[in-house]
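Please read all numbers here as calculations on a predicted model, not as lab measurements.
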Amino acid sequence: MAPTAATKKVVTVPESVLKKRKTIEKVNADRAAKAVIAKKDAKNKRQVIFKRAEQYVKEYRSKERDEIRLRRAAKANNSYYVPSEAKLAFVVRIKGINKLAPKPRKILQLLRLTKINAGVFVKLNKATLQMLQWVSPYIAWGYPNLKTTRELIYKRAFAKVTKQRIPIHDNSVIEKSLGQFGVICMEDVIHEIFTVGPHFKQVNNFLWPFALSNPNGGFRGKKVRHFIEGGECGNREDKINELIQRMN
């Protein structure tokens with residue numbers, strides 16, 4: 001008799017494996033679709049951020065030119081130009097807790113200045129000016145310019161998210177916490193702080209107190225004396241920028 005043809009084996013795949021394959025394929029397809037949408041959104045967001053940055057630069061330059069124009073006009077009329085009062089201050093704690101009375105201690109806690117060389121931005125009004133007057137022997141403060149504000153935030157800023165100190169490695173960290181206020185990037189944060197915008201309180205609370213270094217070359221006067229007496233504490237107006245440059 002002739003040999004019978006070898007019967008072919010039918011390979012069967014378990015149903016559980018087939019279901020798993022379908023699930024994996026579906027997950028991969030969803031992931032790919034989400035990645036395409038995320039890439040498109042990121043591109044649109046970059047364009048929005050770029051336009052905002054350009055707008056802020058124009059605003060800063062316009063303000064600076066107005067100041068120069070008003071100064072020149074006052075000088076041409078043999079008069080004096082008095083600039084508007086500062087709305088923003090940067091406060092640095094320069095002394096420790098020795099012989100610290102309860103009221104100044106509480107004010108320093110409210111200002112979030114719990115460590116030496118800690119710094120915060122403060123909106124100036126009647127209440128905050130009185131607080132700064134109370135703790136004047138323990139702090140150095142003044143009016144920061146745009147360059148100082150930008151360098152501080154870009155170099156030293158950390159976010160406070162769920163009471164934790166988080167590095168701002170991406171604009172998404174800012175958007176998650178402040179997106180509801182229209183603040184989505186670092187330039188928005190700088191603009192809101194420097195111009196003391198309507199959401200200054202939320203943006204300032206989002207920023208963890210700045211941890212500065214000891215100033216290069218050390219403090220040049222005694223900390224117990226006021227700045228105008230050759231010391232280091234108290235209000236130094238625009239001279240605070242030089243101190244921050246040495247501590248940043």
**Student:** Pick out which of I240, N241, I244 makes a side chain to side chain contact (heavy atoms under 4.5 Å, CB included) with N145.
**Tutor:**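 Looking at I240, N241, I244, the match for N145 under the side chain to side chain contact (heavy atoms under 4.5 Å, CB included) is N241.
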
**Student:** Thinking salt bridges, do E54 and K58 make one under a 4.0 Å N-O criterion?
**Tutor:**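 A salt bridge is absent here (no side-chain N lies under 4.0 Å from a carboxylate O).
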
**Student:** Can L212 be reached from V91 by stepping across I, L, V, M, F, W or Y side chains whose heavy atoms are under 4.5 Å apart?
**Tutor:**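 No, because V91 and L212 fall into different hydrophobic clusters, even though each may have its own neighbours under 4.5 Å.
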
**Student:** How long is the span from the CD atom in E237 to the CD1 atom in I228, to the nearest 0.5 Å?
**Tutor:**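 Nearest 0.5 Å value for the CD-CD1 distance: 9.5 Å.
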
**Student:** I'd like to check T148 versus Q245 (side-chain heavy atoms, cut-off strictly below 4.5 Å). Are they in contact?
**Tutor:**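 A side-chain contact exists here, since the closest heavy-atom pair is under 4.5 Å.
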
**Student:** Whether the side chain of T195 engages the backbone of H191 through a donor-acceptor N/O pair (distance < 3.5 Å, no angle test) should be reported.
**Tutor:**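 Yes, the answer is positive, given that a donor and an acceptor are paired below the 3.5 Å cut-off.
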
**Student:** Passes salt bridge (Lys or Arg N to Asp or Glu O under 4.0 Å), R21 versus E25? Steps please.
**Tutor:** CA-CA 6 Å; R21 283 181 187 170; E25 287 173 3; over 6 Å; no

**Student:** CD1/I168 to CE/M186 distance, rounded to the nearest 0.5 angstrom?
**Tutor:**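 The CE atom of M186 is 4.5 Å from CD1 of I168, to the nearest 0.5 Å.
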
**Student:** Could you check whether any side-chain N or O of N77 sits under 3.5 Å from a backbone N or O of S79, counting only pairs where one atom can act as donor and the other as acceptor?
**Tutor:**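 Pair absent, no side-chain N/O of N77 close to backbone of S79.
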
**Student:** Can you tell if the side chain of L129 reaches within under 4.5 Å of the side chain of K126, non-hydrogen atoms only?
**Tutor:**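 No, side chains not in contact.
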
**Student:** Could you give the distance from NZ (K123) to CZ (F200), rounded to the nearest 0.5 Å?
**Tutor:**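 If I round to the nearest 0.5 Å, the distance is 7.5 Å.
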
**Student:** Report the C-alpha separation of I184 and L178 in whole Å, then their side-chain angles, then the decisive distance to 0.1 Å, and conclude whether the side chain to side chain contact (heavy atoms under 4.5 Å, CB included) test is met.
**Tutor:** CA-CA 7 Å; I184 61 171; L178 301 173; over 6 Å; no

**Student:** Do Y154 and W208 share a hydrophobic cluster (ILVMFWY, side-chain heavy atoms under 4.5 Å, transitive)?
**Tutor:**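 No, it is not one cluster - the side chains of Y154 and W208 are not joined through contacts under 4.5 Å.
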
**Student:** Which residues pass the side-chain contact (heavy atoms from CB on, under 4.5 Å) test with V224, sequence neighbours left out?
**Tutor:**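 V224: side-chain contact (heavy atoms from CB on, under 4.5 Å) contacts with K95, K222.
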
**Student:** Inspect the contact between D66 and K63 and indicate whether a charged nitrogen and a carboxylate oxygen are less than 4.0 angstrom apart.
**Tutor:**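 Judged by the 4.0 Å cut-off on N to carboxylate O distance, K63 and D66 do not form a salt bridge.
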
**Student:** What distance separates E232 CD from I139 CD1, expressed to the nearest 0.5 Å?
**Tutor:**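 It is 13.5 Å, given to the nearest 0.5 Å.
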
**Student:** Are the side chains of Y138 and L100 in touch, meaning some heavy atoms are under 4.5 Å apart?
**Tutor:**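 Of all side-chain heavy-atom pairs linking L100 with Y138, at least one is under 4.5 Å.
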
**Student:** Rounded to the nearest 0.5 Å, what's the gap from CG on L70 to OG on S84? Could you check?
**Tutor:**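 So the CG of L70 and the OG of S84 are separated by 10.0 Å.
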
**Student:** Between N125 and T128 (side chain of the first, backbone of the second, donor and acceptor by atom type, cut-off under 3.5 Å), is there such a pair?
**Tutor:**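 Here the side-chain-to-backbone pair exists.
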
**Student:** Using modelled atom types and a 3.5 Å cut-off, is there a donor and acceptor pairing between side-chain atoms of N205 and backbone atoms of K201?
**Tutor:**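 Present.
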
**Student:** Aromatic rings Y56 and Y60: how do their planes relate, parallel, tilted or perpendicular, breaks at 30° and 60°?
**Tutor:**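 Tilted, since the angle between the ring planes falls between 30° and 60°.
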
**Student:** Given the rule in the side chain to side chain contact (heavy atoms under 4.5 Å, CB included) test, do I193 and L207 qualify, once you have shown the distances and angles that lead to the verdict?
**Tutor:** CA-CA 10 Å; I193 291 289; L207 295 175; 4.3 Å; yes

**Student:** Can you measure from CD1 (I94) to NZ (K223) and round to the nearest 0.5 angstrom?
**Tutor:**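 I94 atom CD1 to K223 atom NZ measures 6.0 Å (nearest 0.5 Å).
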
**Student:** Relative to the ring of F90, is the ring of F121 parallel (under 30°), tilted (30 to 60°) or perpendicular (over 60°)?
**Tutor:**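 If you compare the ring of F121 with that of F90, the planes turn out perpendicular.
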
**Student:** Is R165 reaching over with its side chain to a backbone N or O of V161, donor-acceptor style, under 3.5 angstrom?
**Tutor:**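 Looks like no, no N/O pair under 3.5 Å.
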
**Student:** With hydrophobic residues grouped by side-chain heavy-atom distances under 4.5 Å, do L110 and L132 end up in a single group?
**Tutor:**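 Yes, same cluster.
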
**Student:** Report yes or no: do F227 and W141 belong to one cluster of Ile/Leu/Val/Met/Phe/Trp/Tyr joined by side chain heavy-atom distances under 4.5 Å?
**Tutor:**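 In one cluster with F227: W141, no.
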
**Student:** Does I190 belong to the same Ile/Leu/Val/Met/Phe/Trp/Tyr cluster as I174, with side-chain heavy atoms less than 4.5 Å apart forming each link?
**Tutor:**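 Same cluster.
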
**Student:** Using the rule given for side chain to side chain contact (heavy atoms under 4.5 Å, CB included), can you reason through R112 versus K160, listing the C-alpha separation, both sets of side-chain angles and the distance that settles it, and then say yes or no?
**Tutor:** CA-CA 13 Å; R112 303 187 297 162; K160 184 171 71 174; 4.2 Å; yes

**Student:** Do any N or O atoms from the side chain of R93 and from the backbone of L113 form a donor-acceptor pair under 3.5 angstrom?
**Tutor:**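 Yes: the side chain of R93 pairs with the backbone of L113.
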
**Student:** Check this for me, if you would: do E151 and K147 make a salt bridge, where the nitrogen-to-carboxylate-oxygen distance has to be below 4.0 angstrom?
**Tutor:**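 Between K147 and E151 there is a salt bridge, with a charged N closer than 4.0 Å to a carboxylate O.
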
**Student:** Could you pull out all residues at least two apart from R72 that satisfy salt bridge (charged side-chain N to carboxylate O under 4.0 Å, His left out)?
**Tutor:**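 R72 satisfies salt bridge (charged side-chain N to carboxylate O under 4.0 Å, His left out) with no other residue.
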
**Student:** Just by modelled atom types, is the Q109 backbone N or O under 3.5 Å from a matching donor or acceptor in the T114 side chain?
**Tutor:**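 Not confirmed, T114 side chain does not pair with Q109 backbone.
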
**Student:** Among L88, L124, D238, which residue satisfies the side chain to side chain contact (heavy atoms under 4.5 Å, CB included) criterion with Y143?
**Tutor:**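 Between Y143 and the candidates, side chain to side chain contact (heavy atoms under 4.5 Å, CB included) is satisfied uniquely by L124.
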
**Student:** Do we get R156 above F210's six-membered ring, with its NZ or CZ under 6.0 Å from the centre and within 45° of the axis?
**Tutor:**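 Pair R156/F210 does not count as cation-pi.
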
**Student:** Flag the pair E67 / P83 as yes when at least one side-chain heavy-atom distance between them is below 4.5 Å, and no otherwise.
**Tutor:**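 In short, these two side chains touch, coming nearer than 4.5 Å.
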
